[in-house]
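Only one structure is covered here, and it is reproduced in the block below.
For this chain, numbers begin at 1 and follow the sequence in order. Counting starts at 1 for both ligands and their atoms, following the listed order. Computed from a predicted structure; not experimentally measured.
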Amino acid sequence: MFPACAVRLRALHILRAPRGGVLPPAGERRAAQKLFSSEKVIHKDRSLPNSSWNSDLKLMFDQFMKKCEDGSWEHLPSYGSRSSQIVQYFKEVFLETKLRKDEQMLSQARLFTRSYEDGLGFEYVMFHNEQEKRTVCFCQGGPYLQGPPGFLHGGSIATIIDETASMTAIIAGGIVMTVNLNINYKRPIPLCSVVVINCQVDKIEGRKLFISCDVRSIDEKTLYSDATSLFIKLDPNKSLT
Ligand SMILES: CCCCC/C=C\C/C=C\C/C=C\C/C=C\CCCC(=O)SCCNC(=O)CCNC(=O)[C@H](O)C(C)(C)COP(=O)(O)OP(=O)(O)OC[C@H]1O[C@@H](n2cnc3c(N)ncnc32)[C@H](O)[C@@H]1OP(=O)(O)O
């Protein structure tokens, strides 16, 4: 385990310990609290190449960055002003005051798909085409996403489909949530291979956004999965809980 990670885990263990029985020494508890309370989350754009990306992922990234030059496609950073504004709005309008005040918990929160060390989980980048209401995601699923030996877990495939469909729906409709996701798994996806997830808005009816997706090999010869999903635009006058 990385040393920084071990220190954080130990600190978490200390902070949780009183529920279990023996209280750790006060000095240790203060140090553990300080680690989390003073921690600044350092945001980095995880949608840019890192050393774990294989040649296929780098190739697709370069190809689509070129397509961005004429403005028809837009690279979606994993962290940026648009998403942080939406997240801020979501927290203010939909998160209960009780949860919002739990700064310790919120400071530890991470987007599920971005919570792995480089190369171990989801390595992905998305591009959006506004005119076609379409988003593509190139994803290399790492070794911690294994289901059947050598292949991706179906839940991890559902996750990256949901993530791409969510971005497509958020761009088209604002703050939405998935209420339905149907997936046909047609071929298993080899671990560490690169797939392309292609999502488009099929229809918008009031608060409902219908999004369809397929997951293919980058040469497009293999159709791994296809999916349909329904998103509902959240009503700021209704509580989520
Ligand atoms: C998820 C995005 C978060 C917000 C954005 C924040 C930041 C964005 C920036 C960066 C993030 C990047 C990517 C996004 C990251 C992750 C996304 C992952 C996606 C998720 O991980 S998301 C979690 C799982 N998701 C849920 O946890 C939803 C639980 N759910 C509910 O909380 C309620 O469901 C709610 C509030 C959504 C709606 O509730 P409500 O009360 O406002 O609306 P109501 O029930 O009236 O439904 C209105 C009309 O939809 C029809 N309808 C409803 N459900 C249906 C179904 N299943 N099938 C067919 N039709 C359905 C009704 O029949 C009615 O139809 P009609 O009007 O015709 O009668």
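- In terms of polar-atom proximity, Ser166 is not counted as a contact of ligand 1, lacking any N or O under 3.5 Å from an N or O of the ligand.
- When distances from atom 43 (O) of ligand 1 to the protein are checked, a heavy atom turns up under 4.0 Å.
- Rounding to the nearest 0.5 Å gives a distance of 5.0 Å between CE of Met167 and CG of Leu76.
- Annotation for ligand 1: atoms under 4.0 Å from non-hydrogen atoms of Val87 are 7 (C).
- Here the protein heavy atom with the shortest distance to atom 4 (C) of ligand 1 is Phe90 CD1, 3.5 Å.
- The closest side-chain donor-acceptor pair between Ser217 and Tyr224, if any, does not fall under 3.5 angstrom.
- Remark: the Thr241 side chain and the Glu96 side chain contain an N/O donor-acceptor pair separated by less than 3.5 Å.
- With hydrogens and angles left out, the side-chain atoms of Arg216 and Asn198 include no donor and acceptor closer than 3.5 Å.
- Checked against a 3.5 angstrom limit, the closest N/O atoms of Ile170 and ligand 1 fall outside it.
- Of all the atoms in ligand 1, the ones that sit under 4.0 Å from a non-hydrogen atom of Thr178 are 19 (C), 20 (C), 22 (S), 24 (C), 25 (N), 26 (C), 28 (C).
- Between Cys199 and Cys137, a gap of 2.5 Å or greater is found separating the two SG atoms.
- Atoms of ligand 1 lying under 4.0 Å from at least one heavy atom of Ile86, given by number and element, are 5 (C), 6 (C), 7 (C), 8 (C).
- Distances below 4.0 Å separate heavy atoms of Leu240 from the following atoms of ligand 1: 36 (C).
- Remark: minimum distance from atom 49 (C) of ligand 1 to any protein heavy atom is reached at Lys208 CE, 3.8 Å.
- In the vicinity of Lys238, heavy-atom distances shorter than 4.0 Å reach the ligand 1 atoms 40 (P), 41 (O), 42 (O), 43 (O), 46 (O).
- The two atoms that bring Thr164 and Met126 nearest to each other are CA-CE, 3.7 Å, heavy atoms only.
- Lys67 and Glu69 are not joined by a salt bridge, as no carboxylate oxygen comes within less than 4.0 angstrom of a charged side-chain nitrogen.
- The nearest protein atom to atom 21 (O) of ligand 1, hydrogens excluded, is given as Asp162 OD2, 3.6 Å; this is a heavy-atom distance.
- Taking atom 27 (O) of ligand 1 as the reference point, the nearest protein heavy-atom neighbour is Met177 SD, 4.1 Å.
- Scanning the protein heavy atoms around atom 16 (C) of ligand 1, the nearest turns out to be Glu163 OE1, 3.6 Å.
- Listed by atom number, the atoms of ligand 1 under 4.0 Å from Leu234 heavy atoms are 36 (C), 37 (C).
- The contact set between ligand 1 and Leu230, taken as ligand atoms under 4.0 Å from a residue heavy atom, comprises 58 (N), 59 (C), 60 (N), 61 (C).
- Looking at Asp214 and Lys186, no side-chain N of the basic residue comes within less than 4.0 Å of a carboxylate O on the acidic one, giving no salt bridge.
- Using cut-offs of 30° and 60° on the angle between ring planes, the pair Phe127 and His75 is tilted.
- Nearest approach of Gly142 to Cys192, heavy atoms of both residues: CA-SG, 4.3 Å.
- The protein heavy atom nearest to atom 12 (C) of ligand 1 is Met167 SD, 3.4 Å.
- Every atom of ligand 1 with a heavy atom of Leu111 under 4.0 Å away is listed here by number and element: 15 (C).
- Using a 4.0 Å cut-off between charged side-chain N and carboxylate O, Lys133 and Asp202 make no salt bridge.
- A salt bridge is defined here as a Lys NZ or Arg NE, NH1 or NH2 lying under 4.0 Å from an Asp or Glu carboxylate O, and Glu74 with Arg82 meets this definition.
- The protein heavy-atom contact nearest to atom 30 (N) of ligand 1 is Val179 CG1, 4.3 Å.
- Counting only heavy atoms of the protein, atom 38 (C) of ligand 1 lies nearest to Ile232 CG2, 4.1 Å.
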